[in-house]
Amino acid sequence: MKFGVIVFPGSNCDRDVAYVTRDILEQPTRMVWHQDTDISDIDVVILPGGFSYGDYLRCGAIARFSPVMSSVIEHARQGKFVLGICNGFQVLTESGLLPGALIRNRDLHFICDRVPLKVERNNLPWTQGYQSCEQIILPVAHGEGKFYADDKTLGELEDNNQIVFRYEGENPNGSLRDIAGICNRDGNVLGMMPHPERASDAMLGNTDGLKLFSGLLESVLVGV
């Protein structure tokens, strides 16, 4: 499986993700500059965290118009895998690949912490490594991580089982329905505010995030 990590001006978690896919999982990994448009060799596209274009206008609003995003959208429409982490989640909502929006945190403060999450679905390639309703701990680092959508959209997310992760216990940012991560209806596009790549190395004392990447890898290899 070949991973492609999109690099926007202002991305700062791209190397962290590449370390997991290339060095821990030992999978081919290509850093894809935002002006590139040919990602036909990529199986899994990852939009990493950071501050693309300085978060001007809205987080992810400018990155959505980067040349590579047309290819990412087509990649997703073909049923291939796309993961957006933190700022990458914001880019996915701005580009229309996922519904809703990420807005300023409830208390208007930047949050950098480790938070408990509940795995709502473990029947996706992304989450098959987890137990149903398992509680995991992942780091968060964001100022605009409050998931917002209108009541109709929230109802559809619930009805279609598109909510993949919820915050457990105290909601750190005021996200509606405690939403920490969602997928599209087909399940191939996943967006999440917490950082699984920052909980994937045993040296850091937590590998809860590694199951996301290894589960996807196992799912694809079994299907080959």
(request) List the atom of G145, the atom of L102, and the distance in Å for their closest heavy-atom pair. (result) O-CD1, 3.6 Å
(request) Search all heavy atoms of C59 against all heavy atoms of E144 and return the closest pair with its distance. (result) SG-OE1, 3.2 Å
(request) Inspect the contact between R22 and E26 and indicate whether a charged nitrogen and a carboxylate oxygen are less than 4.0 angstrom apart. (result) no
(request) State whether the side chain of D208 and the backbone N or O of I137 hold a donor-acceptor pair below 3.5 Å, judged by distance alone. (result) yes
(message) Considering only residues two or more places apart or on different chains, which pairs with a residue in residues 107-118 satisfy salt bridge (charged side-chain N to carboxylate O under 4.0 Å, His left out)?
(response) K118-E120
(request) Grab the two heavy atoms, one from C86 and one from A141, that are nearest each other, plus how far apart they are. (result) SG-O, 3.4 Å
(message) Using every non-hydrogen atom in the two residues, find where P99 and I182 come nearest and quote the distance to one decimal.
(response) O-CD1, 3.7 Å
(message) Taking the ring centre of each residue, are W33 and F8 less than 6.0 Å apart?
(response) no
(message) Checking one residue: F65. Which other hydrophobic residues are in its cluster under the side-chain 4.5 Å linking rule?
(response) none
(message) Under 4.0 Å between a side-chain nitrogen and a carboxylate oxygen: does that hold for K80 and E74?
(response) no
(request) Provide the closest heavy-atom pair for N184 versus L98 in the form atom of the first, atom of the second, distance. (result) N-CD2, 3.4 Å
(message) Taking the basic N atoms (NZ, or NE/NH1/NH2) and the acidic carboxylate oxygens, is any pair closer than 4.0 Å for E158 and K152?
(response) no
(request) Considering only NZ, NE, NH1 and NH2 on the basic side and carboxylate oxygens on the acidic side, decide whether R30 and D41 come within less than 4.0 Å. (result) yes
(message) Please find the pair of heavy atoms, one from A76 and one from V82, that lie closest to each other, and give the distance.
(response) CB-CG2, 4.0 Å
